[in-house]
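Per chain, numbering begins at 1; letters A, B, ... match sequence-line order. Below, each value reflects all heavy atoms present in this structure, side chains not excepted, and no hydrogens, waters or symmetry copies. The model shown is predicted, which means the values in this text are computed figures rather than measured ones.
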2 protein chains.
Amino acid sequence: MARKTGSHSEITGPKVRAVALALFARHGYAAVSMRQIAAKVGVQAGALYLYTADKQSLLFELMRSHMETLLNAWAQQDLADSPQDQLEQFTRFHIRFHLDRTEAVFVSYMELRNLTADNFAIIEGLRKRYEEVLENILITGQANRVFDVPDTKLATLAVIAMLTGVNTWYRDGGRLSADKIEAIYGGMVRQAVGLPDQA
Amino acid sequence: MARKTGSHSEITGPKVRAVALALFARHGYAAVSMRQIAAKVGVQAGALYLYTADKQSLLFELMRSHMETLLNAWAQQDLADSPQDQLEQFTRFHIRFHLDRTEAVFVSYMELRNLTADNFAIIEGLRKRYEEVLENILITGQANRVFDVPDTKLATLAVIAMLTGVNTWYRDGGRLSADKIEAIYGGMVRQAVGLPDQA
DNA sequence: GTCTATAGAAAGATAGAC
DNA sequence: GTCTATCTTTCTATAGAC
């Protein structure tokens, strides 16, 4: 019952995905060859097809996994009581989660057009579920008259774009710590939805 | 002195760039072949090299041209007097300009990693010059105590990310007109920098 | 499970005819 | 100015040995 010696599928499989993620993030899906991935993993190109049906499946699996990890991570949050606190919670959660996975975020935003139509539809569905998390917070706060948001749909997209934008310039060891950035963005988001400067 | 009949460099050259822009925007730089571009232009692949030194130069020229058009368009604006009005002017200008050139915007943000190091540095320089336009407005408004912006650098990046994000979801004939979108985003930006709901 | 070998297609770019 | 033809390289994916 012992597994055959030399079998490394539990190691090599994840390594293939990790290497592919790094290379896709740096050079782009279309610019990366299966040979490049194989070389970095330390196997021959043909061996990759033991771990993925093809290059497209490799990309899709990376994106699907990223989106589901995101949704699961939010689902495990202990949701705050008031819409104001939920908004701050979401802001900090979003920035932190995305700064912790810059490669997956980059690939998930940049490589959408390289998905097949079917795969694209699945990823889009997951992305919309995440947007609904924020929109529901805004809708509740608007109904309670604590927010001033003329269009919750646009505000959702505006806030998410603003927060995800941090990934385009943040670098470890830069001028501001992640915590400080969360605080500053938290303040800007509060003001953007019409809350006073401090609760 | 008459130009040789059958010479079309003034027509074909721009057409090559227009076709390349459309294809790069849709499929990505790395995924588009010179043969595909040539087929859409209506020439053979070899003929493209009469209008561009290579594929990289074609990409760079599209991005450089886009950024310089952007900077020139802003330079020709009649600048408003107060920081508040300048901020609204910038918001409307940015959304309008970017919605009018979705392909160039897409390529200029997505294909940065496919530029050579030298070309990347040039494009980055142009992008920073544009960011300074907004940051200078925020700095002035902050100095005059009409804005409440704890960090003008972060606020600059946050506002630009928010505004450019419109391009990811806007479609002609959608729920909201460009003018309405400008108004709603104008309001959110005002609030984000600490201005009251209406001037 | 990984290898070598290779099929088969397509890429960027150039040469030289017209 | 555009063409055909081609050089050279590289690609994804598969077949079959071990």
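Between B:L59 atom CG and C:dG12 atom P the separation is 13 Å, expressed in whole Å. Per the geometry, CG belonging to A:N114 stands 15 Å off C1' belonging to D:dC11, to the nearest Å. Residue B:R35 contributes atom CZ, which lies 13 Å from atom C1' of D:dT10 at whole-angstrom precision. B:L48 places its CG atom 11 Å from the C1' atom of C:dG12, with the value rounded to the nearest Å. Here the C1' atom of nucleotide D:dG1 and the OH atom of B:Y49 are 17 Å apart, to the nearest Å. Atom CG of A:L50 and atom P of D:dA15 are 13 Å apart (whole Å). Taking atom CD on B:Q44 and atom P on D:dT4, their separation rounds to 4 Å, with Å as the unit. Going from atom CD1 of A:I37 over to atom C1' of D:dA13 covers 13 Å, rounded to whole Å.
A:V41 comes within 4.0 angstrom of no nucleic acid atom, judged by non-hydrogen atoms across all strands.
A salt bridge links B:R92 with B:E88; the closest basic N to acidic carboxylate O contact falls under 4.0 Å.
Looking at the side chain of A:Q36, the nearest of the listed nucleotides C:dT4, C:dA13, D:dC11 is D:dC11. The side chain of B:S33 lies closest to C:dG12 when the candidates are C:dG12, D:dC3, D:dA13. Of the candidate nucleotides C:dA13, D:dC11, D:dC3, C:dA13 has the atom nearest to the side chain of B:M34.
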What do the steps show when you test B:I139 against B:V149 for side chain to side chain contact (heavy atoms under 4.5 Å, CB included), and what is the final call?
CA-CA 9 Å; B:I139 288 172; B:V149 177; over 6 Å; no
Between A:Q191 and B:V193, does a side chain to side chain contact (heavy atoms under 4.5 Å, CB included) hold up when you go through it step by step?
CA-CA 7 Å; A:Q191 291 185 339; B:V193 303; 5.8 Å; no
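The ring-ring contact (aromatic ring centres under 6.0 Å, His included) test with B:W74 is passed by exactly one of B:F97, B:F90, B:Y130: B:F90.
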